[in-house]
Every structure is written in structure tokens, then in C-alpha cells.
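Please read the structure below before turning to the comments.
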Number of protein chains: 2
Amino acid sequence: MRNPTPLNHARLPTIRDVAAAAGVSPAAVSRHLNRSVVLPAETASRIDSAVAALNYRPNIQALRLSRGITQMIGVVTPDIAYPFFAMIASAAEEEASRFGYSVVICNTRNQIERELDYLDKLAWRHVDGLIFLTNHADDGTLGKRLERLQNVVLLDEDVAGTVAPKIFIDNHMGGLLATRHLIEQGHRRLAHVTGPAGVMSVKERFAGFRQAMAEAGLPVDEALVKFGAYDEAWGAEAFRQLFALAERPSAVFLASDALALGMLAACRAAGVAVPRSLSLVGFDDLPFVRYLDPPLTTVRQPAEELGRCAVRRLIETLRGLPVPDRPERLPVELVVRGSVAGHGSHPSLR
Amino acid sequence: MRNPTPLNHARLPTIRDVAAAAGVSPAAVSRHLNRSVVLPAETASRIDSAVAALNYRPNIQALRLSRGITQMIGVVTPDIAYPFFAMIASAAEEEASRFGYSVVICNTRNQIERELDYLDKLAWRHVDGLIFLTNHADDGTLGKRLERLQNVVLLDEDVAGTVAPKIFIDNHMGGLLATRHLIEQGHRRLAHVTGPAGVMSVKERFAGFRQAMAEAGLPVDEALVKFGAYDEAWGAEAFRQLFALAERPSAVFLASDALALGMLAACRAAGVAVPRSLSLVGFDDLPFVRYLDPPLTTVRQPAEELGRCAVRRLIETLRGLPVPDRPERLPVELVVRGSVAGHGSHPSLR
DNA sequence: CTGAAAGCGCTTACAG
DNA sequence: CTGAAAGCGCTTACAG
């Protein structure tokens with residue numbers, strides 16, 4: 001009746017072997033190993049010796065079945081190869097491992113079907129919880145599915161109407177800082193190129209942009225605000241559209257570094273000098289943007305901190321702490337490098 | 001005796017519930033679901049209906065315990081946030097998921113203790129297999145541990161003396177292509193900046209470098225070959241050392257893009273124009289190096305293909321296929337961009 | 001062919 | 001305090 005050992009596995013010692021070697025019951029070994037009881041020193045050391053001698057380690061599948069937990073969490077992102085998500089996942093793994101959790105990769109390519117697949121995996125207990133990062137607006141599908149699920153923390157982007165722990169950044173402040181910086185450098189005609197309309201981060205960064213413009217008494221020209229996607233292709237395309245305008249902007253605030261990359265490439269192709277002819281501010285601070293030419297001025301998202309924070313919050317949730325009534329907001333920081341030039345009548349003009 | 005459901009979990013339907021609803025035994029349900037038997041159509045459809053009605057899915061922990069397999073593989077890398085490893089992991093996840101495997105992140109920070117920890121996890125069956133990528137020379141510790149382990153495939157870098165499936169790239173050809181390209185562009189005084197001496201990839205890329213030099217009848221000046229590490233810091237430091245020389249090189253072949261990044265930054269800081277005063281060829285082709293200024297000429301490693309290939313090979317191993325007697329070698333490709341200029345007496349000089 | 005039962009290796013409520 | 005036993009939810013060798 002014993003299953004043939006699959007995968008050519010050698011038989012590993014079990015808790016019964018340890019018990020036999022130590023002359024106690026399996027229950028005693030279990031309790032001692034889990035510290036749910038304090039045994040007489042002599043007995044305890046007999047067990048410890050047996051464990052060491054046999055090189056025993058509890059079978060994790062058995063543990064999981066009997067305890068009903070997996071000690072695993074999933075990190076759901078569009079693609080773990082994108083540096084921002086990779087940094088989050090890496091930091092999440094590090095933090096998770098200190099709590100004894102493993103993290104499994106859940107790539108969605110930003111497809112809702114795959115997002116739902118991973119939510120199913122949570123429902124079927126393949127993992128204890130999920131750190132969920134989506135990059136598209138929800139038509140209600142996600143929200144409805146999330147309603148019946150516990151143990152997911154929403155990271156970086158909201159799913160409207162969902163009750164869950166949420167870790168976001170201060171998008172509004174990011175938009176404000178980027179735009180103020182441009183204005184301080186003397187720019188007056190500003191464009192904003194951003195991701196899909198309807199997504200929280202897009203709305204909030206745009207709100208920051210508008211506030212900075214309002215503070216400076218500057219009008220927001222609708223023709224200079226380009227909603228689309230967070231990717232390189234849209235950055236390049238947006239450049240073409242802006243470049244075709246009669247009155248071109250002298251600077252643009254881009255809501256992601258990928259957008260900035262795309263626009264930078266398009267600028268080069270068109271022979272437009274950055275920052276002399278066009279100033280750019282990005283968003284994210286991907287690790288390599290300081291090596292670009294010019295080094296990119298951008299708004300830094302604390303990727304590692306986001307990952308760590310999400311793991312801590314998730315583990316608290318798993319331990320039964322109530323869902324906080326408002327999102328946690330991590331601070332954002334303007335990193336001034338070389339992609340913004342002084343412009344126009346501003347005193348700091350060069 | 002029933003455990004209290006942890007994590008506030010609702011009770012999920014079990015195979016007994018399905019069996020009861022369909023009026024058959026749990027064994028029948030199990031066999032039908034695993035297609036290990038063909039039931040009369042009428043019975044089969046009763047079971048299918050019960051599964052659908054109850055929204056039943058087998059408990060994966062129970063499956064794992066009874067079958068002794070986890071359907072999970074680990075991807076062991078120094079840090080999944082480094083783009084090259086991130087791309088490998090991402091492609092590995094995609095390929096693994098089509099075979100029903102999940103992939104768990106195993107970051108080692110290039111520390112042998114953490115590498116051994118993950119090998120332990122394999123030994124304790126936390127995963128079925130490991131894709132193992134290390135970046136340092138082994139003093140024998142790793143090799144000895146690996147000896148007793150099955151189901152690990154070595155990726156990108158060797159651990160000397162180990163019997164295991166191995167997926168490498170054609171490092172020698174990479175060194176050859178990079179160096180030939182430099183020579184063809186008229187360079188004669190070439191430097192080579194590379195990773196830690198003793199590591200397979202370092203040795204092989206260097207051998208390619210030497211072969212190209214020999215082909216051209218050029219001597220290899222030991223003072224221009226810099227072993228160290230694969231990272232940015234070493235690229236910058238190597239530049240300083242090279243720059244301090246009386247007879248400086250006109251071009252350098254760097255064994256990673258990270259090295260090239262570090263050297264590029266150091267060049268800028270020193271006011272050395274690339275490629276006019278110094279030509280650079282990197283290795284890896286990280287996704288963003290085409291956005292550098294100048295766009296980096298580099299040797300492309302097929303990162304995604306490496307990840308996919310490693311997964312396929314691992315799954316074959318899990319299915320009992322024998323270990324191939326020689327490493328699989330994936331081809332490499334020179335990507336010519338803008339970081340190499342013509343030089344000296346060569347006809348193509350500009 | 002089909003089901004009852006034993007087994008995978010733990011945990012823990014219960015009884016002594 | 002300690003152990004025997006039942007249970008977690010599957011799979012599968014065995015018997016009918």
C-alpha cells in the first residue's frame with residue numbers, strides 16, 4: 001500500500017523514526033519540536049540527539065495538510081522581468097523568508113484571466129496569501145472576485161471598491177514634485193504623458209500635476225495631456241503627437257520611466273536634444289536611468305520598501321489583524337539629475 | 001479532533017462530498033478525475049456534475065502528501081532583481097506554468113550559505129527540483145553537496161565536477177565575436193575586463209578573447225586583462241586602472257553589461273568620450289542598454305531561452321530521463337550598436 | 001470494474 | 001504530563 005517513491009526519492013526519516021530512536025511517542029516529538037510543551041531535560045536531549053543523528057526534518061507536505069497552511073505567498077505582477085516589479089518581488093522574498101514564507105512568482109502579463117487564475121489559486125489554498133499588483137482599470141470583475149477573498153493585499157494600484165489592506169505611494173505628491181520642479185526651472189508650457197485613464201495612480205499623478213499648475217497660475221492645456229499606457233511604445237507615440245503640435249511644450253512630466261525611455265528614444269530619432277530642446281521628468285527611478293544620457297530626473301518610488309511593507313502587512317493579515325480602514329501611503333522623492341534644463345524667463349535660466 | 005480551521009478558512013468541499021453527491025466512492029472520483037480509469041458515461045457525468053455543482057478542486061496539500069511531489073520548482077539566482085536573472089525567472093515561470101509547475105524565488109545574494117539553504121530545501125522536498133545559477137567559483141563545498149542531490153539543473157555557470165544537466169551559453173564564441181568586432185574596427189590595443197577568475201564563464205570568454213587576438217596576430221598584454229567581479233563597481237575601478245596606464249587601450253571588451261555600465265559612468269566622470277576616445281563592448285544585452293548613450297554594442301545572451309530551456313530540461317529529469325553527458329550550449333549573438341568606433345590604420349577608419 | 005481500507009507524515013483532542 | 005488514536009484529504013494496492 002505504500003506508494004512507490006516517485007522521483008527516485010530515497011525514504012526520508014519520519015517523526016516515528018525519531019520517536020523510536022528516542023524512546024518516546026511521535027506526539028512527544030511533535031510537541032517538543034513545536035515547543036508546545038516543555039519536556040524534562042533528559043527526554044528533550046534524547047529527542048534532539050535522535051533528530052540530529054537521523055538528520056530529521058518534518059515533512060512539509062504533511063505539515064501543510066495537517067495544519068492547513070502553506071507558508072507560501074504569491075506575488076502577482078504583470079511581469080516580474082520589469083525592473084520595478086522585480087525589485088518589489090526581490091524585496092518581498094527577502095522579507096518573507098525571515099518569517100518562514102516562500103514566495104511564488106505569478107506573472108499575469110496584465111491579463112485579467114491570469115489575474116483571476118491566481119486568485120483561484122489563493123481560493124484553492126495553493127498559497128496562504130497574495131500580494132496583488134495590477135496595472136489596468138477594473139471593469140468590476142476583479143472587484144467582485146476580490147470581495148469573497150481574504151488575505152490579499154493590494155499593492156501600488158487600487159481595485160476600486162475593494163476592502164483589503166492597501167499599500168500605495170503618494171502619487172499626488174509625486175505629480176506635484178515633478179511638476180513644481182519643471183515650473184521652478186522656468187517651464188511654462190508643460191505636457192503630461194501618462195498611463196491608462198481611469199487607473200488610480202494615473203488620476204492621482206495627474207491631480208498632482210494640475211495642482212502644481214494651479215499654484216503657479218498656469219493653465220492646463222488639454223492637448224498636452226496624453227493618456228494611454230505606461231509603456232515605452234506610448235512614450236514614443238506621445239512624443240510624435242506632441243511634436244506635431246503648433247505650440248510644442250518645452251517640458252513633459254511622464255508618469256513612468258518606461259514612458260520616458262520611449263520618449264527619449266523618439267527624441268533622439270527626431271534629432272530633438274534632451275534637455276536643451278525638451279525637458280523630461282520620469283516616474284519610478286528604475287535602477288539604470290541614472291546611466292542614461294542625460295541621466296533621467298525622475299520621481300523615486302520606494303520599490304523595495306513597497307515589497308517589504310506588503311509582506312509585513314500580509315503576514316499581519318494572516319495572523320488575524322483587522323484590515324486597516326485606509327491605505328498605507330509610502331513617500332515619494334524627486335531625484336534631480338540631468339534631463340531638465342532651465343527655460344524661458346525664469347531667474348534660474350541658463 | 002478536527003483541527004480548527006486556521007486563517008479563518010471556510011471548509012472546502014472534499015472528494016468525499018463529491019462522491020456522496022454522485023453516489024459513488026471517493027476512489028471512483030479520484031480515478032475518474034485522474035483518468036486512471038474510464039467510467040460508464042452515465043457515472044462519469046454524475047461525477048462531473050457533482051464537481052461542478054460543488055465547485056470542487058482537489059486539495060493540493062493532500063495531493064502532494066499522497067503523491068510525494070510538489071509540482072514546484074525553485075529558481076536559484078543571486079538576485080532576481082538583476083535584469084538578466086529576472087528575465088530568466090520570468091521565462092522560467094511561463095514555461096513551468098504550462099507544465100503545471102509553480103516557481104518559487106530563491107535569492108542567494110551570491111552567498112554560499114544561502115545557496116546551501118536552498119539545496120537543503122530541495123533535499124527536504126520543499127520543491128521537486130531546482131534551476132541553479134551561481135556566480136562565484138566553488139571551493140568544493142557546492143560540488144560535494146550537489147553530488148548527493150538529483151533534480152537540479154545548472155544554468156549559465158558551472159560547478160566544477162558536478163554531474164547534472166547543464167545549460168550554458170557559448171561563452172567562447174561570445175568572447176570571439178566581441179573581440180573580432182573590435183579588431184575589425186581597427187583596434188589593436190585591446191583590454192578585457194571581466195568577472196572573478198576561476199569561474200567557467202570568465203575563463204571561456206577570456207579564451208575567446210585570446211583566440212581572436214591570436215587570429216589577428218596581436219599580443220595579449222597582461223596589464224590590460226582585469227579579473228575582478230561582474231558588477232558595476234568593478235567596471236568603474238577597472239577604468240581607473242586602465243586610464244592610469246602609460247599606454248592606454250583604445251577599446252575594451254567587458255564580460256558583462258553591468259561592467260560596461262560602470263565603465264561608461266567612469267568615462268563620463270573622467271571626460272572620456274565613448275566611443276570616440278574609448279570603444280566598449282559589453283555582454284548580456286540587458287533590455288535597456290540600447291537606450292544608453294551611446295547605445296551599447298554587446299553580446300546577447302538568450303535569457304528567456306535559457307530560462308525556458310532549463311525548465312524543460314528539469315522537467316525531463318523529473319520524469320526520469322538520464323542526465324545528458326555534455327552541457328547544452330545556447331548560441332550567442334553580437335549586437336552592434338554605437339559604442340564602438342573605427343580606429344587607427346584600419347581601412348574602415350573614419 | 002468498484003469499493004473499503006490502509007497509507008502518506010504530520011497535529012492535537014482526548015483519555016489515562 | 002504522555003501516548004494512542006483520529007483526523008487532515010488525497011491515492012492506490014488489495015479483495016470481492
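In the text below, chain A, chain B and the rest are named by the order of the sequence lines, each starting its count at 1.
A pairwise comparison of heavy atoms in B:Arg114 and B:Asn107 identifies NH1-O, 3.2 Å as the closest pair. Nearest approach of B:Thr317 to B:Pro165, heavy atoms of both residues: OG1-CG, 3.5 Å.
Interatomic distance, CG of A:Leu306 versus CD1 of A:Ile88, reported as 5.0 Å (0.5 Å rounding). The distance from the CZ atom of A:Arg64 to the CD1 atom of B:Ile60 is 9.5 Å, given to the nearest 0.5 Å.
The distance between atom CZ of A:Arg35 and atom P of C:dT11, rounded to the nearest whole Å, is 13 Å. To the nearest angstrom, P of C:dC8 lies 14 Å from CZ of B:Arg125. Counting to the nearest Å, the P atom of C:dT12 and the CD1 atom of A:Ile69 are 10 Å from each other. Put simply, CG on B:Leu63 is 19 Å from P on C:dC10, counting in whole angstrom units. Following rounding to the nearest Å, B:Arg11 (CZ) and D:dG7 (C1') show an atom-to-atom distance of 12 Å. Look at CD1 on B:Ile15: it is 14 Å from C1' on C:dT2, rounded to the nearest Å. Following rounding to the nearest Å, B:Arg64 (CZ) and C:dG9 (P) show an atom-to-atom distance of 17 Å. Rounded to a whole Å, the CG atom of A:Leu65 is 18 Å from the P atom of D:dA6.
At a non-hydrogen distance threshold of 4.0 Å, B:Leu39, B:Pro40 from residues 38-59 of chain B come into contact with DNA chain C. Within residues 18-32 of chain B, the residues that place at least one heavy atom under 4.0 Å from DNA chain C are, in residue-number order, B:Ser25, B:Ala27, B:Ala28, B:Arg31.
With sequence neighbours excluded, no residue forms a ring-ring contact (aromatic ring centres under 6.0 Å, His included) with B:Phe84.
Under the salt bridge (charged side-chain N to carboxylate O under 4.0 Å, His left out) criterion, the residue pairs touching residues 139-148 of chain A are A:Asp120-A:Arg145, with sequence neighbours excluded. Among residue pairs with one or both ends in residues 101-111 of chain B, those qualifying as salt bridge (charged side-chain N to carboxylate O under 4.0 Å, His left out) are A:Glu94-B:Arg109; sequence neighbours excluded.
Annotation: A:Arg329, atom CZ; neighbour count of heavy atoms from other residues, nucleotides and ligands within 6.0 Å is above 12.
A:Val127 pairs in a side-chain contact (heavy atoms from CB on, under 4.5 Å) with only one of the listed residues (A:Val75, A:Ile73, A:Val103, A:Val104), which is A:Val104.
Stems are defined here as 3 or more consecutive Watson-Crick or G-U wobble pairs with pairing distances under 3.5 Å; those involving DNA chain D are C:1-3 with D:14-16, C:5-12 with D:5-12, C:14-16 with D:1-3.
If A:Asn34 and B:Ala62 are placed on DNA chain C by their nearest nucleotide, the residue sitting closer to the 5' end is B:Ala62.
B:Thr108 is listed as a side-chain neighbour of B:Tyr118, based on a closest heavy-atom distance under 4.5 Å.
Of the charged side-chain nitrogens involved, none lies within less than 4.0 Å of a carboxylate oxygen, so that A:Lys166 and A:Asp156 do not count as a salt-bridged pair.
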